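For reference, the structure is listed below as structure tokens.
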Amino acid sequence: MAMSGLVSNRNFGHFIGSGILCRGEQAILLPRGERLSVAVVHGNIVKPISVSPNGRQLILLSLHHSDKSHRDYPQQISKGSFACCSFSSSSPGGWLEAGDKDKIVENRTSAFYKSEEYDITEAKLDSLPSPDENNEAILVERDIPWWQSFPKRWVIVLLCFAAFLLCNMDRVNMSIAILPMSKEFNWNSATVGLIQSSFFWGYLLTQILGGIWADKIGGKLVLGFGVVWWSVATILTPIAAKIGLPFLLIMRAFMGIGEGVAMPAMNNLLSKWIPVSERSRSLALVYSGMYLGSVTGLAFSPILIHKFGWPSVFYSFGSLGSIWFALWLRKAYSSPEEDPELSKEEKKLIMGGSISKEPVKVIPWRLILSKAPVWALIISHFCHNWGTFILLTWMPTYYNQVLKFNLTESGLLCVLPWLTMAAFANIGGWIADTLVSRGLSITAVRKIMQSIGFLGPAFFLTQLSYVRTPAMAVLCMACSQGSDAFSQSGLYSNHQDIGPRYAGVLLGLSNTAGVLAGVFGTAATGYILQRGSWDDVFKVSVALYIIGTLVWNLFSTGEKILD
């Protein structure tokens with residue numbers, strides 16, 4: 001909301017704002033990010049003379065001179081104040097810095113405006129004596145564009161969201177491209193399975209290493225390295241496939257190395273940038289990038305393959321990483337202390353969590369592994385991912401063999417759980433942060449959200465044995481995955497709760513268990529289906545969900561246990 005007002009020497013007082021004004025024939029404060037430049041206009045010449053922190057655009061017009069006042073005020077005062085002071089016009093448009101006494105003449109018309117808020121519409125003006133009633137200035141406030149005052153911590157969150165979007169786009173494109181590739185290179189089912197699994201060779205390798213690197217050298221470097229690494233590997237995949245199968249397997253493993261550091265590095269970054277009151281929703285947004293990345297990859301890969309051939313998927317998806325990396329280098333920092341553009345207000349809000357500023361030099365493995373909440377994280381992550389990976393890996397087969405959908409319908413319905421998870425992850429994040437802000441303990445919030453993330457899927461999977469229509473079966477699967485997404489505000493947020501300094505290492509530990517669950521669970525499902533039924537598959541998942549619920553509620557905590 002814009003506002004203008006007339007300020008005379010009789011009307012000095014308080015309004016809500018902060019910064020510096022300098023007196024001249026026309027002094028203008030221009031926005032510069034979250035700061036303002038003070039400029040002086042003489043005719044057609046405009047030159048800056050100072051910088052003032054503020055979130056608004058203020059313009060000082062028609063400041064008339066008076067020789068009757070003899071008050072002296074400094075040219076620059078502390079934050080929370082404005083001061084008007086005159087300057088010598090002998091050098092029009094010149095730079096005016098603190099200490100340029102030759103350019104500053106006696107302060108003849110002075111006003112101080114003090115407040116802790118930033119809403120000028122709540123101004124309170126108090127009368128002060130004035131030697132000259134004719135001296136007056138017009139102040140105009142203008143809102144700066146929203147993108148210039150957008151919180152920097154949420155810029156980091158959105159960049160991490162984009163990185164995870166690319167992460168899953170580059171991962172799932174192989175599941176579509178493998179069909180024409182297997183025809184071109186005459187691969188059998190065993191070879192296809194080997195290619196699909198080769199990704200996890202590298203992915204497992206860098207889970208813990210990525211956490212160590214992020215905690216020691218900073219999440220910006222590690223996540224940037226990861227995105228560049230897996231993007232290059234994605235682009236080189238068609239070339240490796242044409243050279244030979246061993247080269248393709250190595251390239252897929254290389255891609256896994258890059259993607260393996262993403263989650264630990266992101267967790268390290270958000271542990272430093274996000275206050276606890278926003279932790280759940282920020283993590284939920286970032287992880288929803290993975291879900292939407294799968295949707296995007298599954299949606300666009302067939303189109304690109306149909307029009308340009310299967311190599312186009314890898315070239316186009318991989319090249320997007322360069323755009324992200326350019327933004328990352330320009331906008332991201334490993335911690336708030338390293339960001340020179342971060343406002344003092346936002347830094348104070350972020351650092352209210354009192355996270356240690358000392359870099360991690362040595363990982364206290366004995367201490368970490370001696371804590372019951374750490375093992376609760378590891379075991380719960382294993383139980384969670386067993387069910388999640390089975391559903392996401394075997395769902396097309398279930399739709400086709402049990403529900404009798406054709407392959408096209410199965411492919412379309414495979415998108416539904418990803419969309420459901422993206423939506424409910426963010427809903428769960430907002431609920432969790434709201435509960436924390438209203439005074440519920442972090443421990444209670446984490447246990448509630450993760451219990452939903454375990455018991456919800458367990459309940460809906462048990463209902464699959466009783467449904468009689470495909471529509472109800474699909475609904476149960478969607479509800480199972482939707483309730484599963486509440487885990488983003490449970491165990492996935494807990495690494496930062498119990499050990500913010502070692503958040504990367506903790507996520508690397510628990511996600512290693514989670515990846516192993518996916519590998520073993522996927523293989524075990526095939527074994528069970530050879531000798532049993534889908535009901536047996538779901539019973540194993542339900543049993544692990546219940547075990548995870550018990551372990552989580554008995555041993556987890558939301559309190560910091562690692563300094």
Side-chain angles (χ1 to χ4, degrees), residues 152-153 156-157 159-160 163 202-229 257-276 279 282-283 286 325 328-329 331-340 342 347-378 381 442 491-515 556-563:
K152 187 60 183 289
R153 62 190 183 280
I156 301 295
V157 171
L159 285 170
C160 289
Y203 192 70
L204 274 170
L205 182 64
T206 53
Q207 289 295 315
I208 297 175
L209 287 176
I212 295 173
W213 294 335
D215 290 342
K216 286 190 173 183
I217 66 175
K220 176 182 178 178
L221 289 175
V222 178
L223 184 56
F225 157 81
V227 174
V228 171
W229 186 279
I257 289 174
E259 295 204 0
V261 305
M263 288 178 64
M266 176 278 300
N267 218 37
N268 172 276
L269 280 164
L270 265 57
S271 71
K272 292 179 170 61
W273 274 97
I274 303 298
V276 66
R279 181 168 294 163
S282 64
L283 279 167
V286 171
F325 187 62
W328 185 249
L329 288 178
K331 296 293 184 181
Y333 293 89
S334 290
S335 67
E337 296 95 336
E338 298 178 13
D339 190 344
L342 186 66
K347 182 178 288 188
K348 182 178 179 181
L349 173 65
I350 295 170
M351 300 308 296
S354 66
I355 299 174
S356 175
K357 298 179 181 179
E358 297 180 6
V360 175
K361 296 181 180 178
V362 179
I363 306 296
W365 291 108
R366 185 182 298 274
L367 177 64
I368 289 173
L369 296 176
S370 68
K371 301 293 184 180
V374 173
W375 285 103
L377 263 177
I378 294 171
H381 208 146
I442 298 174
L491 73 88
Y492 282 93
S493 298
N494 194 233
H495 309 84
Q496 299 179 28
D497 297 328
I498 66 175
R501 289 192 70 202
Y502 308 104
V505 169
L506 290 172
L507 183 63
L509 276 172
S510 70
N511 202 42
T512 297
V515 174
S556 70
T557 181
E559 304 301 320
K560 185 166 70 171
I561 61 172
L562 299 169
D563 291 322

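On a predicted model such as this, the values are computed, not experimentally measured, just so you know. Computed from heavy atoms alone, side chains included, the values below leave out hydrogens, waters and symmetry copies.
Leu270 is listed as a side-chain neighbour of Cys160, based on a closest heavy-atom distance under 4.5 Å. With contacts defined as side-chain heavy-atom distances shorter than 4.5 Å, the pair Pro275/Arg153 qualifies. Within the 4.5 Å cutoff, the side chain of Val157 has heavy atoms near those of the Val286 side chain. At least one side-chain heavy atom of Pro340 sits under 4.5 Å from a side-chain heavy atom of Tyr333. Using a 4.5 Å heavy-atom threshold, the side chains of Trp365 and Val505 count as touching. The shortest distance between side-chain heavy atoms of Lys272 and Ser334 does not fall below 4.5 Å.
We find the CG-CG distance between Leu209 and Leu204 to be 11.5 Å, quoted to the nearest 0.5 Å. Taking CG of Asn268 as the reference point, atom CG of Asp215 lies at 5.0 Å (rounded to 0.5 Å). For the atom pair CG (Leu269) and OG (Ser271), the distance works out to 7.5 Å, reported to the nearest 0.5 Å. How far CG of Leu491 is from CD1 of Ile378: 11.5 Å, rounded to the nearest 0.5 Å. Between the NZ atom in Lys331 and the CG atom in Asp339 there is a gap of 9.5 Å [rounded to 0.5 Å].
Of all the heavy atoms in Ile350 and Pro336, the pair that sits closest is CG2-CG, 3.5 Å. Of all heavy-atom pairs between Ala332 and Leu159, the closest is CB-CD1, 4.4 Å. Of all the heavy atoms in Ala214 and Pro264, the pair that sits closest is CB-O, 4.2 Å. Smallest separation of non-hydrogen atoms from Lys347 and Leu342: CB-CD2, 3.7 Å. Looking at every heavy atom in both residues, Glu259 comes nearest to Tyr203 through O-CE1, 3.5 Å. Closest of all the heavy-atom pairs between Gln496 and Arg279 is OE1-NE, 3.3 Å.
Remark: Tyr502 pairs with no residue by the side chain to side chain donor-acceptor pair (under 3.5 Å) rule, at least two apart or across chains. Checked against side chain to side chain donor-acceptor pair (under 3.5 Å), Thr512 has no partners two or more places apart in sequence or in another chain. The side-chain contact (heavy atoms from CB on, under 4.5 Å) check on Lys371 picks up Leu367, Pro373, Val374, Ile561, Leu562, with sequence neighbours excluded. The side chain to side chain donor-acceptor pair (under 3.5 Å) check on Ser282 picks up nothing, with sequence neighbours excluded. In this view, Trp229 and Phe225, Phe254 satisfy the ring-ring contact (aromatic ring centres under 6.0 Å, His included) rule, not counting sequence neighbours. Every residue meeting the side chain to side chain donor-acceptor pair (under 3.5 Å) condition with Gln207, not counting sequence neighbours, appears here in chain and number order: Asn511.
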* To do: Could you walk me through whether Leu283 and Asn267 pass side chain to side chain contact (heavy atoms under 4.5 Å, CB included), step by step?
  => CA-CA 8 Å; Leu283 279 167; Asn267 218 37; 3.9 Å; yes
* **Residues Ile498, Leu377; criterion side chain to side chain contact (heavy atoms under 4.5 Å, CB included); working and verdict** => CA-CA 10 Å; Ile498 66 175; Leu377 263 177; 3.6 Å; yes
* Asked: Taking it one step at a time, do Val227 and Trp328 satisfy side chain to side chain contact (heavy atoms under 4.5 Å, CB included)?
  -> CA-CA 10 Å; Val227 174; Trp328 185 249; over 6 Å; no
* side chain to side chain contact (heavy atoms under 4.5 Å, CB included) assessment of Leu369 paired with Leu509 -> CA-CA 10 Å; Leu369 296 176; Leu509 276 172; 4.3 Å; yes
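Without hydrogens or angle criteria, Lys216 side chain to Lys361 main chain gives a donor-acceptor distance under 3.5 Å.
In this model, no donor atom of one side chain and acceptor atom of the other lie less than 3.5 Å apart for Glu559 and Thr557.
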